[in-house]
Each structure stands twice: as C-alpha cells, then as structure tokens.
Amino acid sequence: LFFFLGNSIAQAKKVKFGKVLKEELTSTFSSIDSTANAEYLYKSKHIYFSYIANRGIVVNEVVHERIKIYNKEGLNYANKLISYYSPEFSSKKKEVGAVKGYTYNLVDGKIVKERLKESSIFKERKNKYYNTKKIAFPNVREGSIVEYKYQIQSDFISISDIFFEEAIPIKKFFSIVQIPEYYIFNLKQQGYHGIKPVTGVENGQFQSLTSKNGLPFSFQQNTYEFQASNIEAFDNNEPYSGNVRPYVGKVVFELSGINFPGEVYENYSMSWLAVCDQISKNYDFTNELEKKEYYKKALANILLSAKDEQQKIMAIFDYVKTNVSWNQFYGIFTNKGVRHAFKNHEGNCSEINLMLTSMLRSAGLEANPVLISTKSHGAPLFPTIDGYNYVISVVHLEDNDILLDATDRYSAPNIIPTRCINWKGFEIRPNKTFKWINLVPNTYSTSNYNLFIQLDSNGKINGTLRRHFSNHAATNYLYRIENKSDETIIESLENKYNIDIKDYKKSDPIQYNKRQDKLSFSTDKFITRNSNELAVSPLCFLKYNSNPFKAEKRHFPVDFKVPNSKKSTVSIAIPKGYKVKYIPESKAFQLPDNLGTYSYRVQNTGFALSLVTELKINMHIFGPNYYPALKDFFEAITKQEVEKIVFTKG
C-alpha cells in the first residue's frame with residue numbers, strides 16, 4: 001500500500017547549482033522536523049540515455065544534492081560516499097565524472113562559498129566488483145550548507161533505484177527519468193510511502209548518432225517525473241526497528257526487454273530458473289565451489305575423529321569458523337578466491353561459505369550454497385541476480401536440513417546471524433535447479449531467568465539470579481561478554497539492573513548453543529517499607545517498567561529478529577513475622593492470529609510465593625497493521641508487571 005504524495009503538495013522545481021539563499025544559511029532548524037540534525041534542502045536525480053562513438057548507448061545519472069547542517073550530530077552528512085559497480089574483468093564500465101561541490105557559510109552577514117578541491121576526493125577500489133569515491137567537504141561546521149553534483153555514466157543498461165525518503169527530511173525532491181522507446185522497463189514501488197509519477201512521451205535524439213538522412217537519430221522517449229516537497233525522515237529510532245532501509249519509499253526500474261526496429265526482440269525478464277542458470281555458469285561461483293586440492297590435507301585431519309554425519313558437520317564447520325575470518329565484505333561471488341581465503345585466513349562471505357560447502361561435499365554430505373538478500377539489502381522484487389548479496393550453506397540430512405554460516409564465530413547449526421533472516425534463501429543445486437529455503441528458525445531464542453529473593457525487615461533484598469540463554473540469545477550473550485573481564489561484566493550488570501553484585505560466575509557451556517551464568521546480589525531499589533508493611537516488585541529488574549511501543553502509529557514493521565521467549569521464575573521467601581496481604585491476580589494475554597502469548601501466574605505455598613511469567617513472540621517480524629494490537633499487548637504486560645506484592649506484620 002502506498003500513500004502517494006504529489007497532487008496535494010507544492011511542486012518542487014529544479015534548483016540552480018552554486019547559488020544558495022541567505023535565509024537558508026540563517027535558519028537554525030528544519031521546518032519539517034525541528035529535531036532533525038540536518039536536512040536535504042534539495043535532492044535530485046536525472047536519468048537519461050545517450051550515444052557515445054566507439055562505446056554505444058550509455059545510461060547517464062546526474063545527481064544534485066544540497067544539505068543543511070543544523071548541529072554537531074549532522075556533520076557526518078558533510079562526507080559523501082559514492083559506490084558504483086565497475087568490475088575489473090568486464091570490458092563494460094561505469095564511471096563517475098568530475099564531482100563539483102561547495103561549502104557555504106555565513107561570515108559577518110555575508111555568504112562565503114568555498115569550492116570542493118580535487119584533493120578532497122578519494123577514489124578507492126572496494127573489491128574487484130565495486131569502486132568508491134569518498135568526498136570530504138572543507139570548512140564544514142554547524143549551520144553550513146554543502147552542495148554537490150556529479151554524473152555517473154554506465155555501459156550497463158540499468159536504472160538505479162530512486163529513493164523518496166532518507167534518514168533526514170527532504171525539503172524539495174525532484175527526479176526525472178527519460179527512457180528511449182526501444183527499452184522496456186517495469187516500474188515497481190517499494191515501501192510505505194511513494195510519489196506517483198507524472199508520465200509522458202516526448203521527442204528524443206542521440207546527437208552523436210545519425211540516421212540514414214544524416215540527421216541526429218530521433219525517437220520517442222517515455223518520461224517519468226517525480227516531485228514532492230516537505231518529505232519527513234523515515235523513523236528508525238522506534239524500538240525493534242531492525243534495518244528499515246528495505247521499507248523506505250523508492251521506485252525500482254526493471255529492464256524487461258529491448259526492441260530496436262528491424263532487430264529481434266531481446267527479452268530480459270528473467271525467471272528464477274534463469275537466475276539459477278546464470279549463477280551456476282559464473283566462474284567466481286561454480287568454479288570456486290569445485291576447487292578441492294587446497295584443503296584436502298586439512299580435511300583428512302578434521303575427519304579423523306568424526307564418526308557420523310553430525311560429527312562431520314560440526315568438525316568442518318568449527319574448522320572453517322576458527323581458521324578463516326570474515327573481512328566484512330558481502331557478495332555472492334568470490335573476490336580473491338577460496339584458495340587465497342584459505343591460505344590467508346580471511347575472505348568475504350562467498351569465499352568462506354563456498355569453501356565450507358565444498359568441504360562438506362568432499363566429506364560425503366549433500367551440501368549446497370544458499371543465496372540470501374540480507375536485511376540491509378532488502379528483498380528481491382523480481383527474479384534478478386542483483387537481488388542477492390550474501391551466501392550461506394545448507395546440508396540436507398535424512399530427517400532435517402541444517403543451515404550454516406561460518407562467517408560468524410558464535411553461530412551454530414540453524415542459528416544463522418539475524419542479518420541473514422530476511423525473505424527466503426535461494427539454494428543453488430548441482431543440476432542447475434533451485435529450491436526456496438526458509439531462513440526463520442523453527443526453535444525459539446530463549447532467555448530464562450530463575451530469581452530467588454529474601455526480604456529483610458530493614459527494607460533490603462538479597463537474592464541470586466541464574467540466567468540461561470539458548471540459540472540466538474546465547475549468541476547475543478557471547479558477543480556482550482566477549483573480551484570482557486568478570487569485573488567489567490559485573491559493573492555492566494550492576495548499572496543495568498541497579499543492584500550490588502556480591503558474586504558472579506559464568507558456567508561452562510551446556511551445549512553448543514546454550515550459555516548460562518549466576519550472580520548473587522543485594523539491593524534496596526525494588527522494595528518500600530513502612531512500620532507495618534513491605535511492598536516489593538516481585539520481578540525486580542526483570543520487569544517491563546514501561547511500554548516499549550509509544551508511537552501512535554508506525555509505518556515500518558516491528559522486527560523482533562527471531563521468534564523468542566522470555567521466562568522468569570521468581571521465588572520469594574515470606575519474611576519472618578509477616579504474612580501476605582496482597583498478591584496480583586494471575587492473568588494471560590494473547591496477540592491476534594496466535595502471534596504471541598503472555599502469562600502471569602502467582603502461587604502462595606504458605607512459606608514462599610512463586611511467580612512465573614512467560615512471554616512468547618511467535619513471529620520474527622510484524623507488519624504495521626499489527627502495531628496497534630502489539631502496543632496494547634505490551635501495555636497490558638507493563639501494567640501487570642509493575643504490580644507489587646504486599647506483606648504485613650502478623
């Protein structure tokens with residue numbers, strides 16, 4: 001569903017490069033959002049086709065953006081990174097032309113304009129597929145305006161996505177796309193906000209290409225014009241936002257065909273089977289997957305003590321995780337190759353997990369690579385290779401399938417990093433067929449807390465807490481304590497829970513994906529006392545103090561990352577000389593469509609009170625339509641958990 005901007009808003013006009021208004025420099029806050037750190041005063045993209053002799057038809061993209069910096073936090077917008085596809089091995093190229101830019105400041109009431117120097121533009125090769133240009137603007141401070149303009153020229157007949165929203169407001173937005181009639185593109189809008197294009201047909205020419213009569217080659221071209229004003233920033237500060245980039249409003253152009261007069265129609269609309277076929281033919285994928293000699297000796301040693309399939313999987317998985325580190329580069333194809341990654345103990349996600357897959361196959365297991373579009377990359381809207389940017393591995397056993405990702409040192413079988421749990425995986429099989437793979441774990445990420453507390457008549461709590469984590473919760477726990485001393489962990493827990501810790505101990509792993517620890521503590525923060533009564537918050541620091549969902553409405557999904565459960569078991573010894581005056585009522589709540597449940601059960605055994613709460617979230621991601629129910633659900637939980645148990649002298 002899209003909420004179209006356009007007819008009801010002021011039309012944005014093209015803005016002249018190199019000239020700003022004094023009132024733009026004197027403004028101290030955004031009229032769209034007074035809390036914004038910066039805003040686009042103007043954001044524009046013009047895409048058109050042209051002809052270059054000895055090169056052919058190219059796609060041009062002219063970008064013009066002007067940004068106002070309002071405070072110190074907004075200064076990072078004075079650094080621009082341009083990333084563009086430019087493979088080393090291809091005769092086709094994509095180039096960024098000269099970058100023009102200015103920094104504007106107001107000095108003694110006058111506009112001072114400082115030109116961007118060539119020495120402040122740094123070109124780097126990110127890998128063998130992508131180049132980058134980094135731009136650092138001079139003399140930027142609070143109140144400055146930065147402006148830049150550049151052109152990308154590409155031999156690849158494709159149109160980049162046009163984003164309608166950014167992390168900061170946009171005052172004026174204007175984009176126009178001009179496509180010769182011979183190129184057929186499908187338009188698809190993504191996200192919860194969009195701009196309805198004004199479409200038209202106009203005359204076009206390739207000035208450098210002449211027709212039979214010697215005149216410039218003429219044709220009809222389809223135009224798509226997008227205009228809007230006062231676009232609010234997308235809100236990624238709400239809790240459980242995850243990566244909101246895939247839900248930001250944008251338009252995607254998909255090339256479906258080329259139809260030049262007198263030539264055979266070229267169909268570019270791909271099927272998923274065609275995507276599978278193209279990937280299977282790619283040298284940096286299939287050939288790298290088939291290489292085996294480099295690890296034969298190591299694999300023989302790995303398998304010496306492995307007696308069955310499960311042990312083989314774990315031995316190989318642990319070896320690759322331990323011996324090859326991820327260099328943080330994404331991609332479905334290898335960069336320097338699996339041999340280089342094995343020898344140098346470092347590689348991108350494709351090199352690591354293609355290596356893992358190959359070793360599993362050599363050990364006699366049915367293993368295949370799985371392509372993924374990570375959360376930051378979005379979901380493929382149509383069959384395309386560009387829709388994927390990550391590789392993991394799947395092993396098929398007789399009774400189940402096991403997903404593996406050796407880039408993450410704390411990952412476990414079927415516990416892949418949450419960045420990968422997005423849409424569906426695309427398994428590439430040896431016979432050039434594919435299979436869709438469910439990436440959402442079928443087991444809960446669990447956090448179990450066992451709290452034992454005693455109250456004294458002086459209004460103090462003494463207790464012990466045992467924490468048990470499994471699956472993704474265990475992974476998160478390991479990252480939280482990584483490279484930290486017990487003293488540092490204790491200090492962090494004391495600040496988080498508002499307690500004084502007397503003793504802390506981590507337990508040895510129970511299983512591969514389970515972790516636990518124990519601490520003893522004292523506090524006077526969760527109990528109140530008068531002459532006759534003690535009132536205690538039974539969940540202490542484990543309760544929800546407030547509803548995490550405060551916004552009236554939400555345009556983006558609520559992302560819990562994985563299905564999860566939290567169970568708290570509390571035992572409170574009845575203080576000597578006291579009796580129970582009030583205990584909260586046991587209750588249960590449920591989300592619609594069985595998406596989540598919560599229970600609160602309290603029992604008086606005569607010498608102690610037992611309280612058990614359990615929250616289960618059965619779906620990893622909730623659409624905005626569920627937000628009102630989710631907000632009410634957590635509001636009910638919060639009201640229940642802040643209730644106190646009251647003891648009176650008796």
Donor + acceptor pair across side chains of [X], [Y] (<3.5 Å):
X      : Y      : answer
Asn327 : Asn348 : no
Thr638 : Asn547 : no
His345 : Asn323 : no

Check the pair Glu427 / His396 against side-chain hydrogen bond (donor to acceptor under 3.5 Å, both in side chains), numbers first and verdict last. CA-CA 11 Å; Glu427 178 186 356; His396 297 289; 2.7 Å; yes
Stepwise, does the side-chain hydrogen bond (donor to acceptor under 3.5 Å, both in side chains) test hold for Tyr444 with Asn471? CA-CA 7 Å; Tyr444 289 97; Asn471 301 329; over 6 Å; no
Can you tell whether the side chains of Glu482 and Arg409 come within less than 4.0 Å, N to carboxylate O?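 Looking at Glu482 and Arg409, the cut-off is met.
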State whether Asp503 and Lys518 are salt-bridged, where the test is any N-O pair (Lys NZ or Arg NE/NH1/NH2 against Asp/Glu carboxylate O) under 4.0 Å.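 No salt bridge links Asp503 with Lys518.
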Ser373 side chain vs Gly378 backbone, donor-acceptor pair below 3.5 Å: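 Yes; at least one donor-acceptor contact below 3.5 Å.
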Quick check, are the ring centers of Phe541 and Phe521 under 6.0 angstrom apart?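 Yes: the rings meet the under 6.0 Å criterion.
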Counting the benzene-type ring for Trp, do Phe549 and Tyr240 have ring centres under 6.0 Å apart?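 Judged by ring-centre distance (under 6.0 Å), Phe549 and Tyr240 do meet the cut-off.
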How are the rings of [X] and [Y] set relative to one another: parallel (under 30°), tilted (30 to 60°) or perpendicular (over 60°)?
X      : Y      : result
Trp423 : Trp272 : tilted
Tyr600 : Tyr598 : tilted
Tyr390 : Trp326 : perpendicular

Starting from the C-alpha separation in whole Å, work towards a yes-or-no answer on side-chain hydrogen bond (donor to acceptor under 3.5 Å, both in side chains) for Asn448 and Thr446. CA-CA 6 Å; Asn448 291 335; Thr446 63; 4.7 Å; no
Report, one line per pair, each donor and acceptor closer than 3.5 Å where one atom sits in a side chain of residues 582-591; sequence neighbours left out.
unit_1, atom_1, unit_2, atom_2, d
Tyr582, OH, Glu643, OE1, 2.7
Ser586, OG, Val602, N, 3.1

Quick check: are there more than 12 heavy atoms from other residues, nucleotides or ligands sitting under 6.0 Å from NZ of Lys581?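 No, not enclosed.
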Just so I know, are the side chains of Thr464 and Ser520 near enough to count as touching, which here means a heavy-atom distance under 4.5 Å?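 SC-SC contact between Thr464 and Ser520 confirmed.
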